Amino acid sequence: MKKYLILILTLLAAAANAAEVKLLNVSYDPTRELYVDYNAAFAKYWKAKTGDDVNVSQSHGGSGKQAQSVINGLEADVVTLALAYDIDAISTQARLLPADWQKRLPNDSTPYTSTIVFLVRKGNPKGIKDWDDVVKKGVSVVVANPKTSGGARWAYLAAYAYALEKNQHDDAAARNFITKLYKNVPVLDSGARGSTVTFAQRGIGDVLLAWENEAHLALQEFGADKFEIVTPSLSILAEPPVSVVDKNAKRHHTTAVAKAYLEYLYSDVGQEIAAKNFYRPRNATIAEKYAANFSQVKLVTIDQEFGGWTKAQQTHFADGGVFDQIFQPQ
Amino acid sequence: MKTTKLKQLLIATVTGAQVALPAFAADGAATGTNGTAVVESSAASTDGGNSSESAEIKTLKEQVDALVQKVNALEQQPAQPAPDEPTVNLQNLDQQVRILERQREIDRDAAVAKAATTPKITLGANGFSASSADTNFVFSLHGLIQTDSRTFFHADGGTLGKNTFLLRRARPIFTGTVFHDFDFNFTPDFGGSAVQIFDAYLNYRFSPEWQLEAGKFKSPVGLEALQADTWTSFNERSIASDLVPNRDIGLELHGDLFGGIASYAAGVFNGASDYNGTTTTQDVDNSKAFAGRVFFQPWKISDVNFLQGLGFGVAGSYEDDQSSAANLTPGYKTDGQQTLFSYAGNVVANGKHWRISPQGYYYYGPLSLLGEYTISDQQVSRSSGTPASADLQNTAWEISAGWVLTGESASYNGLTPQHSFNPTLGQWGAWQIVARYANLDLDNAAFKGPTTFAAAGSASAAQAWSIGLNWYLNRDVRLNTSYSRTTFNRGGTATPTAATAQPENVLFTRIQLAF
C-alpha cells in the first residue's frame, strides 16, 4: 500500500512538474519543410531530456522582411534567417540580442550551408549551363527581390562573383553583367518560395535562380520529369545563421529551451535532418554520407569576395545601391 | 491549363488573320490563292452584259474549277506543322500573359501585406484617431466645449447670483493606448480662470477583470459625479454630489466581472474633500484615503430587455484626516454654483472622514432614472471656540428622471439621435425632458454653540428641484436649457447678503460640442 502511495505521489509530482513550452522560430522562406522535420525531432529530444512538451511555431517569409517583423515586435524566441546581416539588423536596430551573437555557436552560428543553383525546365530547352547563359538575350530568369529576400541576395552575389572572376575583378564589367541578368527578370517575388511558385507553378521563365535545397524540393514536389537542376561553374557559399533572440526569450522564460533548440541543430540528428532536406551539413561525416545530394561546385564566400555582409549590403542592396541603380521594373 | 491558354491564343490569332485576310486577298486573287475574292470579281464583271464578257466568264469559270480542284487536293494532304515563328510568338504571348497574371498576384499579396502594417487614421463623430495596424498603439483626440449662460431671477426678493455667459468647460482630451494594454488619458481644462489638469492617468489592462489605474482621475464614489461631463442631465450636478469627492490622485484596481454584470473599483488616494470643484494636485497631509465601489447590473447581458438597464451599487471612502483646513470642503454649492454652506475660518478637518453612498439607475428605452443617497461624516476641530471639535454627519440625496420625446434609448453613457439635425430633410435630432429633485441636509451640530462650525450665512439644509429640455442635434452637438429652484433652511444667524437668504431661481442654457 505504501509503495503504491509513493508511486502515485511520484507520478503526480512528475505530472505537476511537466510543462508545455512554446517557442516561435522566425525563419526565411524555404526552410518550412526543414523545420517541420526538425521541430518534431527536437520536441522528442526535449521531452526525453526534461519531461517538458515543447511546441515550436514557425513563421516564414523573405529573410529581410522577417527580420523587420522581429524588429517591429514579432515575438521570436529564435531566428533562423538566410543571412547574418538580417540578424545583425535585429541586434543593431532593436537591441534584442548582443552584437556578438554570431560567436555563440559553432561555425559562426551557421549549422548548415547551401548555395545557389539553376532550376530549368526538363530538357533544358534554352541550353543553360552557366551564368553566361542566364544573361543571354531571350532567356527569362526568375528570382526574388534581393531587397526583401535573403536567397535573392545570395543569388545576386553569386552572379556578381562569377562576373568578377571572369573579368579579372573588373567591377564595371561585373555591374554590366548583373544589369543584363536583371533585364531578363520579368517579375520579382518578395521571397524565394514565391519565386519557386512563379517558375514551377505559374510556368514563367526559363530558369530559376534557387537555393540548392529549394531546387531539390521542387524536383521532389513537381517531379523530375518536369525540371532539372543545373549547377553553375561558380556559386557562393550561403551560410544561413541562427540565434536566440535574447530579450524575447528572457521575457518568455524560454532562454534555456531556445538555446537547446539551436544547439541541437549541430547534433547528428539535426545535421541528418538538414542533409535530408538538402542543406549542406557542417558535420563532415554526415556531409560525406549525403555527398551524392550535392554537386561539386566552386564556392566563393561573402567575406573573400565582397568584404562581408555589412559592406555587401551597403554597396549593393541599401537604398540607392547598385541593385537600385541597375534594376528597372519591366 | 497551359494548353487551354495556348489554344485560346491560337484561336484569337487565327480569327485575327481571318478578319485581315479579305483586304490582303485583293492582291492574292490574281495568284489564285483565294477563291471567294475571285468569284466576287467575276460577279461584278457580269453586270456589264455582252458576249465577249460571256466568254470571259466561261474562262474564269474554268479557272475557278481548276482552283477548286487545287484546293481540294491541298485539303487532302496531311496538315503541315506551323512555321516556327508563329509558335515562338505564341509562346512569348503566353509568357506575357502569365507574367501579368503573376504580377497581379504579387501586387495583391503586397497590398494585403501592406494593409496589415499600414496605420489607420479615422476622423468622425468620436473625434480623431490614429492607430497602428495591429491596434497596439492608438492615439485619439477628443474635445469638449460647453458654453453656458446663467440667469438668476429675483422672484423671492433678490439674489447674489451673477447673470453671466461662461465657458464652463473647454477641454482637449487626449486618449490612447501604447503596447496594447496600457491606456492613457490626458485632459487639461481651459474653461476656468486658470488652466487645470483634470485627468492624467495610465491604466494597465491585464484583463477586463483586472485593471490598474494610476494618476489623477475621478474617485469612485458618487454615481452622478462619475457620469461623464458630456452626458449629465443638467448643466450642473445636483447638490447631492456636494458630498462626494471629485478627482483625486492615486492608484486604483478596478475591473468588470462576469461580462459586466458586476464591476468594482478600489483605490488609495491622497484624499479629496467634499465637492472640490477645482480638484487638487497636491496632498495636504500624510494620511491617505481609501475609496471603493461595487456596482451590479444583473440583467445587463440577459434577454430580459426591461431589466438590462438596471444598475445598483454602493460606494464609500475613508480617511483619517490630519489637522488641515484644506481637507474640508471649500463650500457646498447650489445648482447656480453659489456657496450654500462653508466652514468657519478656524475650522479644520481633524480625524475620521468617511462616506457611504448607495446608488442606482434604471434605463429602459427613452426612460432614465438615477438616484443616490450619500452620507459624509467629517470630524472637525478648531483652534478656538466651544465646542472645540465635532463629528458632523451631512446627508444628501437626489432622484432624477428623463424621457426622450423622440424615442431614442437613453443610457448612463448618453444617447445618439436616430436622425441627426437636418431641417431640409425634416430631421430634428433628439429631444429629452428631464426633472430632478435633490436635498442636502447639514448636521445641526455645525450650527450649535456660542460659535458655530458653519460660516455665517450657511444654510442648514437645501432642497432643489429642476426641470430641463435637452436637444441633441447629433451625437456631438447638444443644446440644454433648464430651470432650477433651490430653497434653504436657515442655519445660524441670518445674513441678508448671503446667497442663502432667499431661494435661488436660475435659468441655464448650454451649447455643447463633444467629440
Side-chain angles (χ1 to χ4, degrees), chain A residues 29 59-62 64-75 94 121-123 125-126 137-145 147-149 152 183-208 222 226 247-248 251 328-330, chain B residues 1-10 81-120 130-139 176-182 204-206:
Chain A
D29 237 353
S59 168
H60 297 272
K65 278 177 66 179
Q66 292 291 84
Q68 195 58 47
S69 296
V70 175
I71 291 166
N72 291 341
L74 182 59
E75 296 270 344
R121 301 196 185 284
K122 189 66 182 175
K126 291 289 173 80
K137 195 174 178 184
V139 173
S140 181
V141 182
V142 175
V143 66
N145 187 344
K147 305 277 273 190
T148 54
S149 162
K183 271 188 180 167
N184 286 350
V185 177
V187 58
L188 284 178
D189 286 276
S190 63
R193 182 54 55 90
S195 57
T196 304
V197 169
T198 296
F199 181 75
Q201 288 190 313
R202 302 293 183 267
I204 294 169
D206 303 307
V207 56
L208 171 70
F222 301 104
K226 290 191 173 61
K247 285 191 178 174
N248 289 351
R251 194 164 54 251
Q328 298 293 327
Q330 294 180 14
Chain B
M1 179 75 180
K2 183 178 173 181
T3 313
T4 308
K5 281 184 182 168
L6 280 169
K7 278 180 182 171
Q8 287 170 348
L9 284 163
L10 277 166
D84 283 349
E85 194 172 330
T87 305
V88 171
N89 286 339
L90 283 173
Q91 285 173 348
N92 287 343
L93 276 171
D94 177 56
Q95 281 289 296
Q96 291 301 321
V97 170
R98 286 169 188 267
I99 288 165
L100 284 171
E101 284 180 350
R102 181 60 175 157
Q103 191 61 58
R104 279 186 59 194
E105 244 181 319
I106 291 169
D107 290 346
R108 197 167 54 239
D109 290 348
V112 169
K114 191 176 179 185
T117 58
T118 302
K120 299 183 184 87
S131 75
S132 59
D134 58 6
T135 69
N136 281 341
F137 295 86
V138 180
F139 174 80
T177 301
V178 294
F179 289 97
H180 191 265
D181 299 325
F182 297 87
Y204 171 60
R205 275 181 289 107
F206 177 75

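Residue numbers begin at 1 in each chain, while the letters A, B, ... track the order of the sequences. The structure displayed is predicted, hence computed values, not measured ones.
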Next on the checklist: Is it true that, when you exclude A:K65 itself, more than 12 heavy atoms of the residues, nucleotides or ligands shown sit nearer than 6.0 Å to its NZ?
Outcome noted: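 Check fails, neighbour count at 12 or below.
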
Checklist entry - In terms of heavy-atom proximity below 4.5 Å to chain A, should B:E105 be classed as side chain, backbone, both, or neither? => result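 Contact with chain A is through the side chain of B:E105 alone.
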
Checklist entry - Between B:Q95 and A:G205, is there a donor-acceptor pair closer than 3.5 Å when you use the side chain of the first and the backbone of the second? => result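 Side chain of B:Q95 to backbone of A:G205, a donor-acceptor pair under 3.5 Å: yes, one is there.
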
Checklist entry - So which of A:V197, A:L188, A:I204, A:N72 has the biggest tally of heavy-atom pairs under 4.5 Å with chain B? => result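 Going by pairs under 4.5 Å, I would pick A:I204.
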
Checklist entry - Contact part of A:T198 toward chain B, heavy-atom cut-off under 4.5 Å: side chain, backbone, both or neither? => result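 Both backbone and side chain.
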
Checklist entry - Side chains of B:I99 and A:R202: does their closest heavy-atom pair fall under 4.5 Å? => result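 The answer is no; the side chains never approach within 4.5 Å.
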
Item to check | CZ on B:R98 to OG on A:S140, rounded to 0.5 Å | outcome: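 That separation rounds to 11.5 Å.
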
